[in-house]
Amino acid sequence: MADACILGIETSCDETAAAVVGAGERLLSNVVSSQIATHQPYGGVVPELASREHLRAIVPVVRQALAEAGHSYQSIDAIAVTQGPGLAGALLVGISYAKAVAYALDKPLITVNHLEGHIHAVLLEEKQKGEFQVAFPVLALVVSGGHTHLFLAEEQEHGWRYENIGRTRDDAAGEAYDKVAKLLALGYPGGPVIDALAGHGNPRAVKFAPAQIKPRNRGTSSESQTAYDFSFSGIKTAVLRYVQTEDMRSAIDLRRQALAEVATAGPEDVMTYCDQKTLDLIASFQRTMVDDLVSKTLAAARGRDARTLFVTGGVAANSELRKTFETEAAREGLPVYFPSRKLSTDNAAMIAAAAYPKFLARDFAAAEFSAEASLAL
Ligand code: KG4
Ligand code: ZN
């Protein structure tokens with residue numbers, strides 16, 4: 001079945017998503033129901049609320065994805081669902097629904113790792129544009145609200161195999177964006193608003209010390225073990241310290257109160273309540289984040305002789321990150337690929353695409369599998 005159509009379902013965090021993808025490369029529909037408004041008042045994802053919202057949204061979102069693709073429940077060839085990593089309760093909603101549909105329709109069910117999904121978002125779109133020849137090994141930076149991981153990928157008979165060669169020791173990069181935005185009262189999620197405001201500040205105004213990475217296991221320190229790890233909790237604390245020493249508290253409180261009055265505050269509204277000092281701090285924070293992500297990724301690419309670079313996950317939507325990767329990777333003669341912004345953040349098209357090699361290999365899920373909050377790739 002060369003052109004099998006797979007229904008993908010994704011509920012690992014705060015988006016309820018369903019999509020239909022043909023042969024891993026034809027995007028037939030891609031529906032994402034965001035819970036941003038639900039979590040906004042808390043400045044971060046509240047797990048119990050996420051599960052409740054997934055329950056509410058899952059049936060209409062799947063129906064819409066099938067309708068937009070011109071498919072019915074009967075006409076799809078398989079169902080793919082995110083098994084992990086993610087919030088256990090949120091994952092369970094998608095898994096229970098996918099199991100029920102697969103059982104009722106007697107269709108194969110395929111489990112997908114969310115991180116492999118993000119990598120396949122890039123592949124799906126590049127294949128859709130036309131002939132795409134990937135040169136291996138591929139180095140993939142998966143950078144989102146929950147992850148900052150470097151994977152070295154090689155091709156195998158069915159799909160790819162991955163080696164995790166770097167990861168964050170503490171906060172994910174997107175988490176740092178969200179926490180800094182919360183601290184500065186810029187709104188939630190932090191990435192898009194910081195991205196929009198950073199261009200109005202001086203990125204050299206505030207100097208942040210580079211992250212200190214200690215060996216993973218004491219006594220077994222080696223260059224290769226630690227060179228490509230990240231750490232983002234230090235910069236979050238440094239922003240807090242800057243706010244305290246520069247006496248920015250009252251300006252932040254005023255901004256918080258003012259924005260609470262605006263129903264759906266966009267970056268332009270936030271900008272109205274930011275002085276130059278705040279914009280400079282935002283620009284400096286973003287510059288430091290981008291420099292760190294790009295320099296470590298390129299060091300890993302050199303160290304492991306990568307031939308292609310993929311940058312994916314929610315933070316890959318960042319305009320400065322894209323620009324810097326494009327310039328710096330070109331300098332090294334390394335082709336770099338990103339998903340479109342729509343497929344950078346969580347979606348189910350990437351899940352349906354990642355499931356296709358498994359479908360060809362008849363690598364179907366056993367009936368008793370469950371959610372794995374810390375599933376590794
Ligand atoms: O991939 P994603 O939708 O969910 C996870 O798997 O975590 O990523 C969400 C994260 C959030 O932390 C959000 O602030 C960040 O991606 N993000 C951005 C941008 N757009 C979303 N970070 C920086 N710049 C952006 N333009
Ligand atoms: Zn994600």
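Atoms within a ligand are numbered from 1 in the order they appear, just like the ligands themselves. Nothing here was measured: the structure is a model prediction, and the numbers come from that model.
The shell of residues lying under 4.0 angstrom from ligand 1, judged by heavy atoms, includes His118. Close to ligand 1: Pro192, with a non-hydrogen atom less than 4.0 angstrom away. Using a 4.0 angstrom heavy-atom cutoff, His114 counts as in contact with ligand 1.
Classification of the Phe364-Phe359 ring pair by plane angle, with boundaries at 30° and 60°, yields tilted. Ring geometry for His149 versus His147: interplanar angle over 60°, hence perpendicular rather than tilted (30 to 60°). Between Phe310 and Tyr337, the ring-plane angle classifies as perpendicular under the 30° and 60° cut-offs.
At the top of the distance list for atom 21 (C) of ligand 1, counting protein heavy atoms only, stands Gly314 O, 3.4 Å. The protein heavy atom nearest to atom 13 (C) of ligand 1 is Asp178 OD1, 3.8 Å. From the protein, the heavy atom lying nearest to atom 24 (N) of ligand 1 is Asn318 ND2, 2.9 Å. Among all non-hydrogen protein atoms, the one lying nearest atom 6 (O) of ligand 1 is Asp346 OD1, 3.2 Å. When only non-hydrogen protein atoms are considered, atom 10 (C) of ligand 1 lies nearest to Gly145 N, 3.4 Å.
Ring pair Phe285/Tyr177: centre-to-centre distance below 6.0 Å.
With no hydrogens or angles considered, a side-chain donor-acceptor pair links Asp275 and Thr278 at under 3.5 Å.
Taking OG of Ser370 as the start and CG of Leu91 as the end, the distance is 9.0 Å to the nearest 0.5 Å. Glu126 contributes atom CD, which lies 5.0 Å from atom CZ of Phe132 (distance to the nearest 0.5 angstrom).
Close approach of ligand 1 to Gly174 is summarised as follows: ligand atoms under 4.0 Å from at least one heavy atom of the residue are 12 (O). Less than 4.0 angstrom separates some heavy atom of Gly146 from each of these atoms of ligand 1: 7 (O). If you number the atoms of ligand 1 from 1 as listed, the ones under 4.0 Å from a heavy atom of Pro189 come out as 14 (O).
The Zn ion (ligand 2) has no N, O or S atom of Cys13 under 2.8 Å away, backbone or side chain. For a distance bound of 2.8 Å, the N, O or S atoms of His147 include none lying that close to the Zn ion (ligand 2).
Polar contact check, Gly313 against ligand 1: no nitrogen or oxygen pair lies under 3.5 Å apart.
Side-chain atoms of Asn164 come within 3.5 Å of backbone atoms of Gly166 as a donor-acceptor pair (strictly under, hydrogens ignored). In terms of modelled atom types and a separation under 3.5 Å, the side chain of Gln276 and the main chain of His200 share a donor-acceptor contact.
For the side chain to side chain contact (heavy atoms under 4.5 Å, CB included) test with Leu309, the passing option among Val138, Val122, Val336 is Val336; the others fail. Just one residue in the list Val32, Ile36, Val61 forms a side chain to side chain contact (heavy atoms under 4.5 Å, CB included) with Glu15, and that residue is Val32.
At the Zn ion (ligand 2), the angle from OD1 in Asp346 to NE2 in His114 is 90° when rounded to 10°.
Remark: among candidates Gly191, Pro85, Ala121, the nearest residue to atom 23 (C) of ligand 1 is Gly191, based on non-hydrogen atoms.
In Asp195, the part holding a heavy atom less than 4.0 Å from any atom of ligand 1 is the side chain.
Looking only at N/O/S atoms, His118 comes nearest to the Zn ion (ligand 2) through NE2.
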